[in-house]
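Below is one structure, written out as structure tokens; the observations come after it.
So that the names make sense, note that chain A is the first sequence line, chain B the second, and so on, each numbered from 1. Just the heavy atoms: all of them, side chains too, but no hydrogens, waters or symmetry mates, feed the values below.
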Protein chains: 2
Amino acid sequence: MFRTTKNIYRALADSTRREILNLLSKGEQTQSDIVKEFNISQPAINKQLKILKEEGFIHVRKSGRYRYYSLERETFEVAYRQMVGEIGTMLDQTLMDLKHYVENKEEDDD
Amino acid sequence: MFRTTKNIYRALADSTRREILNLLSKGEQTQSDIVKEFNISQPAINKQLKILKEEGFIHVRKSGRYRYYSLERETFEVAYRQMVGEIGTMLDQTLMDLKHYVENKEEDDD
DNA sequence: ATTATACATAACCGAATGGTTATATAATAT
DNA sequence: ATATTATATAACCATTCGGTTATGTATAAT
């Protein structure tokens, strides 16, 4: 009932992944470029890239021995909008609830 | 560099927790009320509530043997804004990048 | 006083996470 | 042909996660 097609929540759950996305948002990067930006091993980065790819947030372009990673902007944006919508709704509802509470302050009976 | 004060990403990572938040957004609920809404055990819900509380997204009011849970609207909203800001920036940057790419289509040399 | 209800907590469990090291493979450079 | 570089993959490990059952404790109801 609450799952987005692409699980943006999973993608964003880890800080390394968020930083990778942030990095890629500045432009295409090879895997080794990305690895250089972190203090963790190449296989560790590779795994996180795999998860981001699984969830559809990034895209790989192969060229020679290089892999160029970039944001899958479309997917990302759609998922993002959905997430913002969901959470936004919750916040709206709390306002509604507060409004209801204020309005019915005196008459506790319904 | 990328961590919010309250870890909204962690809070939202699990679908049960998101559903709890959604439920609470409609108004205060006792723990047993919440338990009834799910197919999982009371201790399981209790654990998720503990995490949401840890991250500051909900609040408990004790009354008799009941625990009334409600959204900590303030924290939630601040974290939400921050998250939207962070991700929004990423998306803006990809636009920027795209713009740069489009503008420099013909001249690959900078 | 006894029973029922709401919640808390402990012990346990399997699976997923997020990293590691070691090693293989593929492409490039020398 | 050999060495180097980029990436992939396997095996391993500790921790976290998200649930379970069992049981304890506090409050309320009978």
Problem - Evaluation steps, side chain to side chain contact (heavy atoms under 4.5 Å, CB included), between Gln29(B) and Tyr68(B) - result: CA-CA 5 Å; Gln29(B) 305 270 344; Tyr68(B) 292 89; over 6 Å; no
Problem - Derivation and outcome, side chain to side chain contact (heavy atoms under 4.5 Å, CB included), residues Gln48(A) and Ile20(A) - result: CA-CA 9 Å; Gln48(A) 301 303 349; Ile20(A) 289 176; 3.9 Å; yes
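Dashed line: the shortest gap from a side-chain N or O of Ser15(A) to OP1 or OP2 of dG18(C) is not under 4.0 Å. In this model, the phosphate group of dG18(C) is approached by a side-chain N or O of Arg17(A) to a distance below 4.0 Å at OP1 or OP2. Taking side-chain N and O atoms only, Arg10(A) has a distance below 4.0 Å to OP1 or OP2 of dT17(C). The side chain of Arg67(B) contributes an N or O atom lying less than 4.0 Å from OP1 or OP2 of dA8(C).
In this view, Arg10(B) and Glu54(B), Glu55(B) satisfy the salt bridge (charged side-chain N to carboxylate O under 4.0 Å, His left out) rule, not counting sequence neighbours.
Each of Gln42(B) and Gln48(B) has a nearest nucleotide on DNA chain D; the 5'-most of these lies closest to Gln48(B). Toward the 5' end of DNA chain C, the nearer of the two residues Tyr66(A) and Tyr66(B), judged by each one's closest nucleotide, is Tyr66(B).
The interatomic distance linking Ile40(B) (CD1) with dG14(C) (P) rounds to 19 Å, in whole Å. Between the C1' atom of dG19(C) and the CD1 atom of Ile45(A) lies a distance of 11 Å, rounded to the nearest Å. Rounded to whole angstrom, the span from the CG atom of Asp14(B) across to the P atom of dT17(C) amounts to 12 Å.
Protein chain B touches strand DNA chain D; the 5'-most and 3'-most nucleotides with an atom under 4.0 angstrom of its non-hydrogen atoms are dC17(D) to dA29(D).
Heavy-atom neighbours of Arg61(A) CZ from other residues, nucleotides or ligands within 6.0 Å: above the threshold of 12.
The listed nucleotides are dG18(C), dA4(C), dC7(C); the one nearest the side chain of Arg65(B) is dA4(C).
Checked by atom type, the side-chain pair Arg67(A)/Gln31(A) shows no donor-acceptor distance below 3.5 Å. Using modelled atom types, one finds a donor on one side chain and an acceptor on the other under 3.5 Å when comparing Asp33(A) with Thr30(A).
Ser41(A) comes within 4.0 angstrom of a nucleotide base, judged by non-hydrogen atoms across all strands. Using a 4.0 Å heavy-atom cutoff across all strands shown, Lys50(B) reaches sugar-phosphate atoms only and no base atom.
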